[in-house]
Amino acid sequence: MSTEKNLKPSKELPLGFVDRQEKELLIRDFVISNIKEVMINYGFQYLETPSFEYTDSIGKFLPDKERPDEGVFSFKDGKNWLSLRYDLTAPLARYVAKNYLELPKPFKRYQLGTVWRNEKPGPGRYREFLQFDADYIATGNLIADAELCAMISEILKKCGLTEKDFTIKFSSRKVLDKLFEYIKVNSAETRLKILRSLDKVDRLGWKEVEKLLGKGRKDLSGDFTKGAGLTEIQINEIKEQLNYEGKKITTTNPPPDGKTYDFDQWSKKWGEKEAEPVSNEFIEFEECLTSFGLKNCIFDPTIIRGLEYYTGLVFEVNLNFEVRNPKGQVVKFGSVGGGGRYDNLVSNFGKGIDCPATGISIGIDRLVFALIQKKDFKIKITRPVIICVFDRLQNDKYIKILKKLRASGISSEIYPGEGKLKKQMEYANKIGSPAVIFYGDDEIKSGKATLKNLETGNESSVKVEDLANEIKKLL
RNA sequence: GCAGCAGUAGCUCAGUAGGUUAGAGCACUAGUUUGUGGAACUAGGGGUCGGUGGUUCGAAUCCACCCUGCUGUACCA
């Protein structure tokens, strides 16, 4: 920010925004190309919606304030409030509602795009980031949900991860609804508090979450967070029904009856009639996962995905390896993607539209951040061969060489600056150029250029017409 | 938002019982090499010590307020 005293513009970035370097961008490109391949293979359409939407269209939930900028970036365009999209699902719902009659049903589309959130950034979390999103619209078929899990698994594997590197956790909001009925929590506010607390089991552990469910908890800085105010009996019941610690039932490790969750327990607690529909949903989903050959899926009832619009199954992808920040400290990385069923989101736009849907998204930048941590993860950065400039009057000769090299597919350039040879060498070294070409007086006389390998320092005399082939040998 | 910690050169940081011209390493510029990079050596540029006000003969150092950043926490539809 410039002030009256300091008229120079600031070179600092706004909070939560970053410059991204080539290495990160190339890995991102690699991830994106993998995503596109998988999406075509899975039969999804490619869609793009604009960055801005009417605020109302993507968030009826926004507070009725003078300025709807809580969580989103908004501005007033004439009479209307516009907001930058905060995810790709809400704009999709708007798109589907707008084009409902024309669209094939079910409708499958994927989208890649930047999204913005006006929140406090954290390690690896920014206010602007790239998201990938794939959805099935107008189908309640659970194969769709299982397929989303298979798809995300395939994408991660293409990106170089193995099944051991990540876990897909799933649950359903319905489990918690039954639980709330059972422990007689009816207040929407308390239910929300419980959901938020449970969502933190992953990060804080059960011990701390118990405090949040009860009276409250002090964090490391000494700040106090008020709890949900449940009784000890209620908290114990929640733990008993949700605390699957130690049971660790997974599809890799199925119990004898083939179920990855404790059906009998629910039946006993809620009654068979109440439990059966919930269980059946998981059975069907589970069978699909198995058929798709997914081995690293686990039922975890503390998966909440906070989002208000989820109505049924929810899933989340977590990485199992250590992620470090630039300072080398291990950070709690959290999920790299997730999603679930949102059967009401499209219907919100109009009566008569009954439109179940399910979708999943990946935080691409976060995934890239994690992939960079894998030491064996190398990406080739191409740097140009430099043709050094001795005399501008010989530019036509340099350009001839340049055209030949480029025609042969060799990244190359004539030194673009104005310095002496030393400067040109320093430049080539700094940008990581593999080689330089000298074509000065001596070379022009002999008709042979000097090719210098910058890695070894070796120089060789090469006929101009052989340059391309010689360079290819050393690349 | 709340809480804790921190702000000295482009970067990483040293420097406080308050005291001449504020330091180092890396980076940068020039030279040792006027047709040769990565190493070395020599020289050089670069800072109103986050800002404002106060205490004092004297403030990077002490006090107050503000700004910014980091971490935790809340929120994250």
Side-chain angles (χ1 to χ4, degrees), chain A residues 1 3-6 10-16 55-63 68-74 83 85-87 89-91 93 115-127 129 192-193 195-197 199-200 203-204 208 211-212 216-227 304-310 325-327 329 331-332 334-335 338 342 344-345 348 363 383 386 388-391 394 415 419-444 449-459:
Chain A
M1 292 287 248
T3 63
E4 272 184 53
K5 260 193 167 175
N6 176 15
S10 170
K11 55 184 187 278
E12 303 306 322
L13 290 168
L15 176 69
T55 300
D56 289 342
S57 308
I58 54 169
K60 60 176 177 14
F61 34 74
L62 283 167
D69 56 2
E70 208 149 278
V72 298
F73 291 101
S74 306
S83 291
R85 62 188 176 205
Y86 53 85
D87 74 3
T89 311
V115 304
W116 295 264
R117 292 188 189 177
N118 190 2
E119 294 165 352
K120 192 197 148 184
R125 293 184 68 184
Y126 300 105
R127 291 159 94 197
F129 53 97
L192 203 59
K193 273 199 167 179
L195 290 178
R196 285 173 184 155
S197 306
D199 195 32
K200 297 178 177 69
R203 185 156 47 90
L204 304 176
E208 297 303 310
K211 291 180 193 165
L212 285 173
R217 163 180 188 267
K218 250 189 205 176
D219 72 36
L220 286 172
S221 67
D223 193 28
F224 185 78
T225 309
K226 212 182 159 206
I304 309 292
R305 305 273 331 147
L307 320 180
E308 225 165 69
Y309 56 59
Y310 287 123
N325 65 16
K327 287 183 179 172
Q329 302 161 312
V331 292
K332 274 268 175 189
S335 70
Y342 49 97
N344 301 326
L345 200 56
N348 284 340
R383 311 269 55 177
I386 311 291
C388 293
V389 175
F390 290 87
D391 181 354
Q394 304 295 345
Y415 175 67
K420 299 175 178 177
L421 189 59
K422 183 184 168 80
K423 238 192 170 153
Q424 305 191 29
M425 295 295 291
E426 280 170 355
Y427 167 79
N429 187 54
K430 179 122 191 176
I431 67 167
S433 172
V436 294
I437 291 167
F438 299 147
Y439 200 59
D441 289 344
D442 300 346
E443 286 84 359
I444 290 173
T450 301
L451 175 64
K452 175 159 183 160
N453 181 331
L454 284 184
E455 208 181 316
T456 62
N458 291 339
E459 288 183 16

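A note on names: the letters A, B, ... follow the listed sequences, proteins ahead of strands, and every chain is numbered from 1.
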Original post:
Which part of the nucleic acid does A:E455 contact within heavy-atom distance under 4.0 Å: base, sugar-phosphate only, or nothing?
Top reply: base

**OP:** Using the P atoms only, state how far B:rA64 lies from B:rA6, rounded to an integer number of Å.
**Re:** 14 Å

**OP:** Start with the C-alpha gap between A:T450 and A:E443, add the side-chain angles, then the distance that decides, and say whether side-chain hydrogen bond (donor to acceptor under 3.5 Å, both in side chains) holds.
**Re:** CA-CA 7 Å; A:T450 301; A:E443 286 84 359; 2.6 Å; yes

Original post:
Is the ring of A:Y86 stacked on the base of B:rA77, with centres less than 5.5 Å apart and planes under 30° off?
Top reply: yes

**OP:** In whole angstrom, give me the gap between the P atoms of B:rG37 and B:rC28.
**Re:** 15 Å

Original post:
Under 4.0 Å between a side-chain N/O of A:R196 and OP1 or OP2 of B:rC76, yes or no?
Top reply: yes

**OP:** Among B:rC76, B:rG37, B:rC70, find the nucleotide with the atom closest to the side chain of A:L15.
**Re:** B:rC70

Subject >> Pairing partner of B:rA3 (Watson-Crick or G-U wobble, both distances under 3.5 Å) >> reply: B:rU71

Subject >> Base-pairing assignment for B:rA40 (Watson-Crick or G-U wobble, both under 3.5 Å) >> reply: B:rU32

Original post:
Are any of the side-chain heavy atoms of A:R85 and A:W116 separated by less than 4.5 Å?
Top reply: yes

Subject >> Note, A:L204 side chain near A:R217 side chain (heavy atom, < 4.5 Å) >> reply: yes

**OP:** Could you work out the separation of B:rG46 and B:rU29 based on their C1' atoms and round it to a whole Å?
**Re:** 11 Å

Subject >> Per A:V72 side chain, nearest of listed nucleotides B:rG37, B:rU73, B:rA77 >> reply: B:rA77

**OP:** Write down the distance separating the C1' atoms in B:rG69 and B:rG31, rounded off to the nearest Å.
**Re:** 40 Å

Subject >> Distance test, side-chain N/O of A:R305 to OP1/OP2 of B:rA77, below 4.0 Å >> reply: no

**OP:** Please work out if A:K200 contacts a base, only the sugar-phosphate, or nothing of the nucleic acid, heavy-atom cut-off 4.0 Å.
**Re:** sugar-phosphate

Original post:
Looking at B:rG38, does its base get a donor-acceptor pair with the side chain of A:N429 below 3.5 Å?
Top reply: no

Original post:
So, do A:Y309 and A:N348 sit near enough that their side-chain heavy atoms are less than 4.5 Å apart?
Top reply: no

Original post:
With distance as the sole test, does A:Q424 use its side chain to make a donor-acceptor pair with the main-chain N or O of A:V389 at under 3.5 Å?
Top reply: yes

**OP:** Sticking with atom P, work out how far B:rG4 lies from B:rG51, rounded to a whole angstrom.
**Re:** 24 Å

**OP:** Could you tell me which nucleotide pairs with B:rA24 by Watson-Crick or G-U wobble geometry, both distances under 3.5 Å, or answer none if nothing does?
**Re:** B:rU12

**OP:** Using the C1' atoms only, state how far B:rC70 lies from B:rG50, rounded to an integer number of Å.
**Re:** 15 Å

Original post:
Which parts of nucleotides 29-36 of chain B does protein reach within less than 4.0 Å, heavy atoms only, written one letter per nucleotide 5' to 3' as B for base, S for sugar-phosphate only and - for none?
Top reply: -S----BB

Subject >> Watson-Crick or G-U counterpart of B:rA64, or none if no pair lies under 3.5 Å >> reply: B:rU52

**OP:** Could you check whether A:L204 gets within reach of a base, just the sugar-phosphate, or nothing at all, counting any heavy atom under 4.0 Å?
**Re:** sugar-phosphate

Original post:
Using purine N1 to pyrimidine N3 plus N6-O4 or O6-N4 for Watson-Crick, or N1-O2 and O6-N3 for G-U wobble, each under 3.5 Å, what pairs with B:rC76?
Top reply: none

Original post:
Distance between the P atoms of B:rA59 and B:rU21, in whole angstroms?
Top reply: 12 Å

Original post:
Side chain of A:R125: nearest nucleotide among B:rG72, B:rC76, B:rC75?
Top reply: B:rC76

Show me the donor-acceptor pairs, under 3.5 Å and distance only, between side chains in residues 425-441 of chain A and residues at least two apart or in other chains.
residue, atom, partner, partner atom, Å
A:Y427, OH, A:E413, OE2, 2.7
A:S433, OG, A:P384, O, 2.7
A:S433, OG, A:A435, O, 3.0

Original post:
Does A:G457 or A:K430 map to a spot on RNA chain B nearer the 5' end, using the closest nucleotide for each?
Top reply: A:K430

Original post:
Is any side-chain N or O of A:R203 closer than 4.0 Å to OP1 or OP2 of B:rA74?
Top reply: yes

Original post:
Can you tell me how far P in B:rA24 sits from the matching atom in B:rG15, rounded to whole Å?
Top reply: 15 Å

